[in-house]
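First listed ligand is number 1; within each ligand, the first listed atom is number 1. By convention here, the first residue in the shown sequence is residue 1. Fair warning: this is a prediction, and the values are worked out from it, not measured in the lab.
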Amino acid sequence: MSSQFFNVSSSKNNQTSSSIPPSGRNSQPSIFTNRIANIQINPLAEKFPTITSPVTPPLTPQSSSRLSNNQVFAHKSKKLLGLLTDTKSILERFREINKDRWNIQYPFLGQTLSNHRQFTSYDDNDFQSSMAFNRSTKNPHVISEFRQQIHTKLYTPPQQDMSSSQEINTKLNVFRLNLKQGDSSSAENVMEQLDKSSVSKLLDCRFVQGIKRIENLESRVADTSSKVLVAGDVNAGKSTFVNALLRRNVMPVDQQPCTTLFCEVLDVQENSGIEEVHAIKNIESYNREDPSTYTKIELSNLFDTINNGTDEYAQIKVYCKDKRDVHQSLLHNGVVDIALIDCPGLNRDTLKTTALFARQEEIDVIIFVVSAENHFTLSAKEFLSNASNEKAYLFIVVNRFDNIRDKEKCKRLVLDQIKEVSPRTYEHAEDLVHFVTSTAIPIEKQEINDNIDNSSTSIDKQRINDFNRLEESLRNFVLKKRSKSKLSPARHYIDNILNDIGVLSEFNRGIATRDAEKAFNELESGREAFERLCNDEKSITLKANKCVDDTCDSIMLFTKKRLEDAISNIDSSADNIEYRGLMYVWAYANDVRDAMLEEISKGVYSSEQKAKEETANCIHMIQSMAENLSGEPCQFDLERMYRRGIINTIPIALSDFFDLDITQNINERFPYVGLSGCTVIYAFSKFNAFSSLWRIYDFMGIFNMRGKTMLSLVGIAGIGACAYLLYDMGRVVPRKVAKKIKHELVQSQYVDREANRITRQSRKKIRLATEDLRSRFRIAVEEQKQNRISMEHAFKKSENAVKFFEDIFNKSEKMSEVLNSLGNNWEDSDDELYN
Ligand SMILES: Nc1nc2c(ncn2[C@@H]2O[C@H](COP(=O)(O)OP(=O)(O)OP(=O)(O)O)[C@@H](O)[C@H]2O)c(=O)[nH]1
């Protein structure tokens, strides 16, 4: 199209990064970037917080009237492009947070005001009051229309007779999830079966689709060309209708279903004035200037290609000449580059593809051709109901009207059906619904400009007039009301998506607020528990240590006392041992010693038993100090704690029975024996009595008689001493053995050693219990720390989410204001555009 309408300044600097060329067609970006060159849109905001601030003041009827239509259109395009860019940024931010920081949740029936409790333990009022809190930012008394709308959607209880799917549908438009699962499952049931991450993944797909859609809309708003999709039931007469619009037999017409591919008819100017057909295998890579991306076909062979190339080609582009002048031609109109797309007839197989095609942003207008004889089939109704959600307006052509006898009745019936499937189209039925007979249009006639020749009957004239009126409406719609056909879908989409963004952000902000509050409360109560635990750890450890020391002191004292008592009483332990005479004195001494040592062993044993008892008590006490801690305390085997102290046997020597005391005793009783007596006794103690005496006698015998006399005396004394010994041995041995044992025990510090040994072993065991206690405390403290860390993390996460969603909500609110400032009546200002 000519750039005159946009007062183009073709500076490259003015191109926007959001200006993406439409796929396949017009691959040279300059075409549309130049066209919007004077539209100073906000450059693609890389970071979100750039909300397009209105650079130019909002449009008012007064200001609007002062501006030329071009300027109004440019103003609106610019604003819409800015809003599209910002909406895309929001969706990208949604995707980012949804990926790993916050699973965006989907509002469904169970989470409305009435059933809110199932979602959280908090009161519904909390949810609402948090919303009220959120609104108090600027003026608490002023609630924007946008806010009010979101509030109503989120907090109005569903109507009694409303199914869950319908209920969801009233909340979301663009991000609505298809939750039908067969006929039996309600959306709510399906929702309940999905976990948070699955829901957020489903939503992510919607965000991706939304971004793609916005990019297409950006391209479309920036682009000035228009595409008109001609869809309809099989054999409704679509191809005939397209041919009638072109006044040429371009598209193949047949009684049989024949159009099996999407055929786009463009003005020949789009192909450097050459009429030809491009059969395209991959529409994404199609480039008109690169013949390898398509197969060139003669226009006359189009029928065969469409008939036979269904599997081979994805789409056909037909470049053809429109012989009419610019005032009559649709393709070659001098205002907007228009392409007509003839779709395959709707049936089960093609319904989905055609619906997808219709959703493409390149499609500005949908003309739905319906046979006046058949009215709307089920496929047609489904297609129309979807398409009316996608596109602002639909054009409905009721074709084959010539075959209808009761025309008024037919009109009435058809309009009633339109009212049902597309109320908006019904509202503008005058302009948008046409009853025509496509075959009545003279094709390729000389007098093509007039259509009606002299030979035409009045019925023909009527039919041609009807068709001309349809054409006029179509031209008016596509060309004059460009804002409506081009900008309106973008506006419509932004309006819907802002609503969804508002619902999702407000809903998720509510959830995040409650989660943050919950985490905060848990942190607060956790803090007290944590402090209590730390204090308990200190005090209980001190208490346990004291318990250890007290128990060990007690064991030590007891053991010492017990052993000392045993030692001091060992004399009496030999009382029961019988002395059986001198011949058995040695055995007697050993028995006495063993009995005494046994007595001491008993003392050791009872000390150990006592220590065991006290150790068990102490361990029990320590373990009971930490009953509140999680985990089981260690079990200790005290049975094998002590090896009974084995007292080393103490060897008994004969000398042990003759000490200075004995010698002295002998001296006192037998003074004349003197030193020699003692020596004898000593010798006697060293050797056996007779050999000693003999040796002494022998020794003395070398001297003289007197000496021998003396020796005899000594012998007598020795015998006396022996007699004494014989007499006293039963009494002396226990005393001497006891003395010897006591002496040995004192020398070896036996009591201390044993007391230390027993105490040490007890302490060792109790220490294990205190170690266990400490480690349980350590684990409990560590657990609490980890809990606190995860709670802090949860709190931070929720808090950040609250800020995030608040921010998004406020931004979408401002964007909604900007959108509303553009007005609702998009076609008014363009009425004069074409004139
Ligand atoms: N009587 C009458 N016949 C028509 C009219 N328009 C189309 N036809 C006939 O209807 C038949 C089908 O026409 P097409 O244009 O091929 O229909 P279509 O919708 O393109 O068919 P498919 O693309 O195969 O779905 C042809 O025989 C046409 O001549 C009309 O207004 N009146």
Side-chain angles (χ1 to χ4, degrees), residues 228-265 277 302-311 313-316 318 320 340-355 357-358 366-384 387 394-407 410-411 414 433-444 451-452 456-457 459-471 474:
V228 177
L229 188 84
V230 183
D233 287 320
V234 178
N235 264 354
K238 299 178 291 298
S239 304
T240 314
F241 173 71
V242 169
N243 290 342
L245 283 177
L246 299 170
R247 301 296 192 276
R248 280 188 68 178
N249 278 325
V250 175
M251 298 306 302
V253 171
D254 202 334
Q255 294 272 354
Q256 303 290 318
C258 75
T259 311
T260 48
L261 283 167
F262 288 89
C263 300
E264 185 176 349
V265 186
V277 175
L302 183 58
F303 185 85
D304 291 341
T305 310
I306 290 176
N307 247 358
N308 307 324
T310 312
D311 297 334
Y313 303 113
Q315 198 176 323
I316 304 278
V318 183
C320 74
L340 290 168
I341 299 168
D342 189 8
C343 300
L346 284 181
N347 56 34
R348 273 181 179 280
D349 299 333
T350 57
L351 179 63
K352 213 170 166 191
T353 342
T354 314
F357 214 97
I366 294 175
I367 299 176
F368 193 82
V369 183
V370 58
S371 162
E373 295 147 307
N374 301 331
H375 298 191
F376 296 95
T377 60
L378 279 178
S379 308
K381 282 183 182 168
E382 192 172 341
F383 175 83
L384 283 171
L394 288 164
F395 233 86
I396 295 183
V397 172
V398 185
N399 194 31
R400 303 169 77 120
F401 202 50
D402 53 327
N403 287 342
I404 304 297
R405 205 179 293 166
D406 188 346
K407 292 194 168 22
C410 173
K411 276 185 183 175
V414 168
V433 183
H434 295 271
F435 296 81
V436 296
T437 304
S438 299
T439 44
I441 304 304
I443 301 287
E444 318 231 14
N451 288 334
I452 304 170
S456 302
T457 63
I459 295 177
D460 285 343
K461 281 178 191 165
Q462 175 63 38
R463 286 173 186 162
I464 290 167
N465 280 336
D466 286 345
F467 197 87
N468 284 344
R469 211 171 41 252
L470 150 73
E471 238 181 344
L474 189 60

Exercise for review: Please examine the side chains of K411 and F401, heavy atoms only from C-beta on, and report whether any two atoms are closer than 4.5 Å.
Suggested key: yes
Review point. Between F401 and ligand 1, is there a nitrogen or oxygen pair with a distance under 3.5 Å?
Key: no
Check your understanding: Among N235, N243, V253, I404, whose heavy atom sits nearest atom 29 (O) of ligand 1?
Key -> V253
Review point. Looking at S438, which atoms of ligand 1 are within less than 4.0 Å of one of its heavy atoms?
Key: 31 (O)
Check your understanding: Among V370, N399, V436, which residue places a heavy atom closest to atom 6 (N) of ligand 1?
Key -> N399
Revision key, fill the gap. To atom 8 (N) of ligand 1, the nearest of E373, R400, R463 on a heavy-atom basis is R400
Point to revise | Non-hydrogen side-chain atoms of V265 and C320 separated by less than 4.5 Å | key: yes
Exercise for review: From the options N399, D342, V370, V397, select the one residue that forms a side chain to side chain contact (heavy atoms under 4.5 Å, CB included) with K238.
Suggested key: D342
Review point. Do the charged groups of D466 and R469 touch, with an N to O distance under 4.0 Å?
Key: yes
Exercise for review: Say whether, by atom type as modelled, one donor and one acceptor occur between the side chain of T437 and the main chain of R463 under 3.5 angstrom.
Suggested key: no
Practice item. Under 4.0 Å from a heavy atom of D402: give me the atoms of ligand 1 that qualify, with their elements. Key: 1 (N), 2 (C), 30 (C), 31 (O), 32 (N)
Exercise for review: Pull out every atom of ligand 1 sitting under 4.0 Å from any heavy atom of A236, numbered as shown with elements.
Suggested key: 19 (O)
Point to revise | Ligand-side contact atoms (ligand 1) for residue partner G345, heavy atom cut-off under 4.0 Å | key: 25 (O)
Practice item. Look at ligand 1 and say whether G232 reaches it with a heavy atom at a distance under 4.0 Å. Key: no
Check your understanding: Do ligand 1 and D342 have nitrogen or oxygen atoms that lie under 3.5 Å from each other?
Key -> no
**Study point:** Side chain, backbone, both or neither: the part of T240 lying under 4.0 Å from ligand 1 by heavy atom
**Key:** both
**Study point:** E471 vs L474 side-chain heavy atoms within contact, under 4.5 Å
**Key:** no
Practice item. Classify the contact between N403 and ligand 1 as side chain, backbone, both or neither, using a heavy-atom distance cut-off of under 4.0 Å. Key: side chain
Point to revise | Backbone or side-chain N or O of G237 under 3.5 Å from ligand 1 N or O | key: yes
Exercise for review: Applying side chain to side chain contact (heavy atoms under 4.5 Å, CB included) between T439 and each of D402, V253, N243, report the one that passes.
Suggested key: D402
**Study point:** Pair F241 + F467: ring centers closer than 6.0 Å
**Key:** yes
**Study point:** Close-contact set for ligand 1 against V234 heavy atoms, below 4.0 Å
**Key:** 25 (O)
Review point. F435 ring centre to K407 NZ or CZ under 6.0 Å, with the angle to the axis within 45°?
Key: no
